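Report on the structure given below.
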Amino acid sequence: MRLRKDFFARSVHDVAPELVGATLLVDGVGGRIVEVEAYDHEDPAAHSYRGKTERNASMFGPPGRAYVYRSYGIHWCLNLVCEDASAVLIRALEPTHRLDVMASRRGIAEPRLLAAGPGRLAQALGITGEQDGLPLDRAPFEIYAREDVDVEVGRRVGITKAAERPWRYGEVGSKFLSRPIRPSY
DNA sequence: CCTGTGATCGTCT
DNA sequence: GACGATCACAGGT
């Protein structure tokens with residue numbers, strides 16, 4: 001079942017775990033999401049924490065759209081916007097559709113490394129700033145409700161502020177995670 | 001397997 | 001002027 005806007009018009013803390021096991025395609029390329037993180041507007045690690053700016057404007061727009069930002073001046077990262085200036089960072093997926101296209105964009109063949117990490121995932125799916133703000137229920141996006149998978153929770157990756165919050169969700173036993181899930185305390 | 005480091009630049013202080 | 005919601009690669013274990 002294809003996910004509609006009302007799926008995202010909820011608390012990011014309800015939406016994020018439900019996205020593990022969902023299928024994400026961009027122009028028919030992608031796979032099953034295996035790892036995400038939640039960021040809400042009262043979260044010091046969130047881009048929306050200090051209010052609306054030009055960069056984070058999409059996080060303050062309607063739920064059900066993409067928020068794409070550039071990381072470390074090099075990589076792109078894809079978020080799905082939820083209610084209240086919050087978003088889910090899509091951190092890894094298990095490639096299932098058009099591995100050939102992803103391998104070509106990434107310059108590698110190994111399936112395990114095609115989309116294990118937010119920067120790698122964006123590159124594999126062809127995500128750039130051009131997709132920032134686009135609705136998720138229309139082309140080029142297709143997002144389908146999750147299969148029944150076991151989800152585990154841990155601390156988020158790569159942040160210094162509020163790093164202990166247990167807002168990272170991953171599929172139990174997946175070989176396609178960016179890193180193993182670590183407990184938050 | 002694990003740790004350390006350079007790359008690279010827009011955004012906010 | 002400092003600092004990232006990161007990645008690839010080198011080197012040691």
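Note that this is a predicted model, so its numbers are computed, not measured. Residue numbering restarts at 1 for every chain, and letters A, B, ... go by the order of the sequence lines.
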Taken to the nearest whole Å, CZ/Arg120(A) to P/dC7(C) is 6 Å
Exactly one candidate in Val151(A), Leu93(A), Val88(A), Asp150(A) meets side chain to side chain contact (heavy atoms under 4.5 Å, CB included) with Val20(A); the answer is Val151(A)
Ring-face cation contact, Tyr39(A) with Arg156(A), 6.0 Å cut, 45° max
yes
Report task. State whether Glu94(A) and Arg32(A) are salt-bridged, where the test is any N-O pair (Lys NZ or Arg NE/NH1/NH2 against Asp/Glu carboxylate O) under 4.0 Å. Result -> yes
Taken to the nearest 0.5 Å, the spacing of Tyr169(A) OH from Ile181(A) CD1 works out to 11.0 Å
- If only side-chain N and O atoms of Arg168(A) are considered, is one of them under 4.0 Å from the OP1 or OP2 phosphate oxygen of dA5(C)? no
Answer for the Watson-Crick or wobble partner of dA5(C), both distances under 3.5 Å, is none
note: Arg182(A), atom CZ; dC2(B), atom C1'; distance rounded to Å ~ 11 Å
In whole angstroms, the gap separating P of dG4(C) from OH of Tyr49(A) amounts to 15 Å
Regarding the side chain of Ser71(A), the nearest nucleotide among dA5(C), dT6(C), dG4(C) is dT6(C)
Assign each of Ile159(A) and Gln123(A) the nucleotide of DNA chain C bearing its closest heavy atom; nearer the 5' end lies the nucleotide of Ile159(A)
Whole-Å distance, Arg155(A) CZ to dA5(C) C1', equals 14 Å
Minimal heavy-atom distance between Phe8(A) and Gly64(A), with the atoms involved, is CB-N, 3.6 Å
Mind checking Arg156(A) for me? I need base, sugar-phosphate or nothing, with any heavy atom below 4.0 Å counting as a touch.
nothing
Here the distance between atom C1' of dA5(C) and atom CH2 of Trp76(A), to the nearest Å, is 15 Å
In whole angstroms, the gap separating C1' of dA8(C) from CD1 of Ile108(A) amounts to 11 Å
Using the six-membered base ring of dA5(C), report whether Tyr39(A) stacks on it, requiring centroids under 5.5 Å and planes under 30° apart. yes
Met59(A) atom CE is separated from dA5(C) atom P, nearest whole Å, by 12 Å
Applying the 3.5 Å cut-off to both distances, the Watson-Crick or G-U partner of dT8(B) turns out to be none
Quick note, ring pair (Phe, Tyr, Trp, His ring centres under 6.0 Å) partners involving residues 13-33 of chain A, not counting sequence neighbours, are His13(A)-Trp167(A)
Taken to the nearest whole Å, CZ/Arg179(A) to P/dA5(C) is 15 Å
Its contact letters, B for base, S for sugar-phosphate only and - for none at protein heavy atoms under 4.0 Å, make nucleotides 6-12 of chain B read -BBB-SS
Applying a 4.0 Å non-hydrogen cut-off, can you work out what Arg106(A) is touching in the nucleic acid: base, sugar-phosphate, or nothing? sugar-phosphate
The reported gap from CG in Leu125(A) to CZ in Arg105(A) (rounded to nearest 0.5 angstrom) is 7.0 Å
